[in-house]
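Here is the structure we will look at.
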Amino acid sequence: MTPIQSVLPAITPVLPEIVLSIGALLLVLWGAWRGERSAESVNLGALGLLIFTFFLVVSQTGQVTTLNGAFIADPFARVMKALILIGSSATILLSRDYFQRERIDRFEYPLLIVLCTIGMMVMASANDLISLYLGLELQSLAAYVIAAFHRDDVKSTEAGLKYFVLGALSSGMLLYGASLVYGFTGTVSFPGIVTALDGPVSFGIVLGIVFVAAGVAFKLAAVPFHMWTPDVYEGSPTPVTAFFASAPKMAAMAMTVRVFIGAFPDVTAVWQQIIVFVSIASMALGSFAAIGQRNLKRLMAYSSIGNVGYALIGLAAGSEEGIRGVVIYMVIYLAMTLGAFAVLLSLRRKDRMFETIDDLSGLSRTHPWLAFSLAAMMFSLAGIPPLAGFFAKFYVFAAAIKAGLVTLAVIGVVTSVVGAFYYLRLVKVMYFDEAQAPYERIPPGSAIVLAASSVVVVLFFLIPAPLVAAAGSAAKSLF
């Protein structure tokens, strides 16, 4: 056997990450050589790289660990990586027109998206605490920069600073929790932790789990570690806000499932209480705090907090059905969020972007298809059948009831009703308020993302089987 043949089995599972890394380095060299003239070509190169990596990911099969057990490629990782790559690709499509108009179209932006994506993919495949932390930090460092990408805008700079300071704090808590787990189990490997916890659970382990949960809750923007979300979402450039609400959410949820199902399956009683509390608090705050919001980006921030709470219901169930519900929920949430932001990025007259609810007044009379698409996203987020959002909530609520968490499911239904108020208020403004002057024509990138999202949200009920089967296979690989 040649040296290359002996290395190939170890490299193959990590091939998508390697391809992205090499591609990012080549794009950096190209951008440095061509300067600001390379912005368009780097954008296209980054988009092509992400799409190629997507096909690499979905072409993989089986379940295998590599890098001395630190990295796992299984159906769950593949599904979550595919969602991450879709979210990142859609963000680049949504960003082009906006950055050109704002005169901040620089080649560094798509590169940072690619680097962020590499970190998120590592998070989805992490099989020990060290690889998990490395992926998390790679994702976070790039995210801090793109939050403050509009350097001449005070709000954007403030958003980047807040995200950095609070993100560093959460990373410290996660690292401290991981060190406690390592100290009391003697291993950082998830399978090793499972073996070490075969017996009574010490107070040190419980404390470690609490700190780890605090760290992942921040990355999910779940209560009580949500405080950064509205300010960062409002202050960041709108395409960056769309990115934060989509791809990193997929990675954070994948990381959360990996940690609790992969490393602590035999101590469910310990972490289930934490997840139930975080889920209820997130659903409640996301529903009630959004009622008074007039800024659309802040509204979407609270919506994302609430949606994380609903997704965590499936994790709290701690069962295969629950994780299947989480995966289905995240797929549909991604489509709804990208669709909503595609509309928000189209609300422009000349050089001015509009970001308040009142700016949607009479949209149905000036842009009927745009209004219809946004109404579909809002009805879906509210969980109204037969749109996809109803089925997303149905699967997680059904898993919770089957696991005996009836109260949690009932609270989820109640907060869904409360949340419907602010979603439907947008529909009322679009269809019943006085029309304003028409907006400019929707940019091509936004049109593509909006069309794809609308198809998923509106027509999901006709062919749900492929997604349900893929989610079931992903969940089964964890148990």
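The structure places OG of S89 at 11.5 Å from CD1 of I448, a figure rounded to the nearest 0.5 Å. The distance from atom OG of S171 to atom CG of L175, rounded to the nearest 0.5 Å, is 8.0 Å. Rounded to the nearest 0.5 angstrom, F211 CZ and L180 CG are separated by 7.0 Å. From L338, atom CG reaches atom CG of L94 across 6.5 Å, with rounding to the nearest 0.5 Å. Distance CG/L134 to OG/S131: 7.0 Å, rounded to 0.5 Å. Distance CD1/I332 to OG1/T337: 11.5 Å, rounded to 0.5 Å.
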* Asked: Do I205 and I209 pass the side chain to side chain contact (heavy atoms under 4.5 Å, CB included) test, and can you show the C-alpha distance, the side-chain angles, and the key distance before you say yes or no?
  -> CA-CA 6 Å; I205 289 292; I209 292 173; 3.9 Å; yes
* F218 vs W228, ring pair (Phe, Tyr, Trp, His ring centres under 6.0 Å): CA-CA, chis, key distance, verdict -> CA-CA 9 Å; F218 178 91; W228 60 275; 5.2 Å; yes
* To do: Kindly determine whether L20 and L50 satisfy side chain to side chain contact (heavy atoms under 4.5 Å, CB included), including the steps that lead there.
  => CA-CA 7 Å; L20 268 187; L50 291 169; 4.0 Å; yes
* Take L129 and F190, measure what side chain to side chain contact (heavy atoms under 4.5 Å, CB included) needs, and give me the verdict at the end. => CA-CA 7 Å; L129 294 168; F190 290 169; 3.7 Å; yes
* Steps toward side chain to side chain contact (heavy atoms under 4.5 Å, CB included) verdict (M80, V257) -> CA-CA 11 Å; M80 299 311 291; V257 171; over 6 Å; no
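The closest side-chain heavy-atom distance from Y422 to M378 is not below 4.5 Å. In this structure, the side chains of F460 and F391 come closer than 4.5 Å at one or more pairs of heavy atoms. Put simply, the side chain of F479 reaches to within 4.5 Å of the side chain of I323, judged on heavy atoms. In this structure, V259 and V212 have side chains that are in contact, with non-hydrogen atoms separated by less than 4.5 Å. Looking at I18 and S21, their side chains never come closer than 4.5 Å, going by heavy atoms from C-beta outward. No side-chain heavy atom of V267 sits less than 4.5 Å from a side-chain heavy atom of V206. Side-chain contact between L85 and M121 is present, with at least one heavy-atom pair separated by less than 4.5 Å. Residues L169 and V165 form no side-chain contact, since every pair of their non-hydrogen atoms from C-beta on lies 4.5 Å or further apart.
Defined by atom type and a distance below 3.5 Å, a donor-acceptor pair is present between the side-chain atoms of T117 and S88. Between the side chains of T187 and Y182, not a single donor N or O lies within less than 3.5 Å of an accepting N or O.
Applying the salt bridge (Lys or Arg N to Asp or Glu O under 4.0 Å) test to D231 and every residue at least two apart in sequence or in another chain returns K162, R298. Listed by chain and residue number, K219 satisfy the side-chain hydrogen bond (donor to acceptor under 3.5 Å, both in side chains) test with S140 (two or more places apart in sequence, or in another chain).
A donor-acceptor contact shorter than 3.5 Å is absent between the side chain of Q139 and the backbone of M120. S236 places no side-chain N or O within 3.5 Å of a backbone atom of S156 that could act as its donor or acceptor partner. Checked by atom type and distance alone, the side chain of S282 never pairs as donor or acceptor with a backbone atom of S279 at under 3.5 Å. Counting only distance, with no hydrogens or angles, the side chain of T53 and the backbone of L49 share a donor-acceptor pair below 3.5 Å. Without hydrogens or angle criteria, K155 side chain to G235 main chain gives no donor-acceptor distance under 3.5 Å. Remark: the backbone N or O of P16 is not paired with any side-chain donor or acceptor of Q60 at under 3.5 angstrom. One N or O on the side chain of N127 and one on the backbone of G69 form a donor-acceptor pair closer than 3.5 Å.
Y109 and F149 have their aromatic ring centers within a separation under 6.0 angstrom.
Residues in residues 255-270 take part in these side-chain hydrogen bond (donor to acceptor under 3.5 Å, both in side chains) pairs, two or more places apart or across chains: D74-R258. Screening residues 453-477 for side-chain hydrogen bond (donor to acceptor under 3.5 Å, both in side chains), with sequence neighbours left out, gives no hits. For residues 232-265, the set of pairs meeting the ring pair (Phe, Tyr, Trp, His ring centres under 6.0 Å) definition, not counting sequence neighbours, comprises Y163-F244, F260-W271.
For CZ of F203, the number of neighbouring non-hydrogen atoms (other residues, nucleotides, ligands) closer than 6.0 Å is 12 at most. Within 6.0 Å of CG on N295 lie more than 12 heavy atoms contributed by other residues, nucleotides or ligands. Around CG of L462, the count of heavy atoms belonging to other residues, nucleotides or ligands within 6.0 Å exceeds 12. Counting heavy atoms of neighbouring residues, nucleotides and ligands inside a 6.0 Å radius, atom CD1 of I130 does not exceed 12 of them. Within 6.0 Å of CZ on F394 lie no more than 12 heavy atoms contributed by other residues, nucleotides or ligands.
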Side chains of residues 306-315: which donor-acceptor partners sit under 3.5 Å, not counting sequence neighbours?
unit_1: N307; atom_1: OD1; unit_2: Y329; atom_2: OH; d: 2.5
unit_1: N307; atom_1: ND2; unit_2: S303; atom_2: O; d: 2.7
unit_1: N307; atom_1: ND2; unit_2: S303; atom_2: OG; d: 3.3
unit_1: Y310; atom_1: OH; unit_2: T415; atom_2: O; d: 3.4
unit_1: Y310; atom_1: OH; unit_2: T415; atom_2: OG1; d: 3.1
unit_1: Y310; atom_1: OH; unit_2: S416; atom_2: N; d: 3.1
unit_1: Y310; atom_1: OH; unit_2: S416; atom_2: OG; d: 3.3

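For the pair T157 and H150, the tightest heavy-atom approach, listed with the atom from each and the gap, is OG1-O, 4.2 Å. Of all heavy-atom pairs between P239 and T91, the closest is O-CG2, 3.7 Å. Between A124 and K81, the shortest heavy-atom contact is CB-CG, 4.1 Å. Annotation for P75 and Q63: closest pair CD-OE1, 4.3 Å, computed over non-hydrogen atoms. Scanning both residues, A82 and V58, for their nearest heavy atoms gives CB-CG1, 4.4 Å. Closest approach of H226 and I305 over heavy atoms only: CB-CD1, 3.8 Å.
In summary, K402 and E321 engage in a salt bridge, as defined by a charged side-chain N under 4.0 Å from a carboxylate O.
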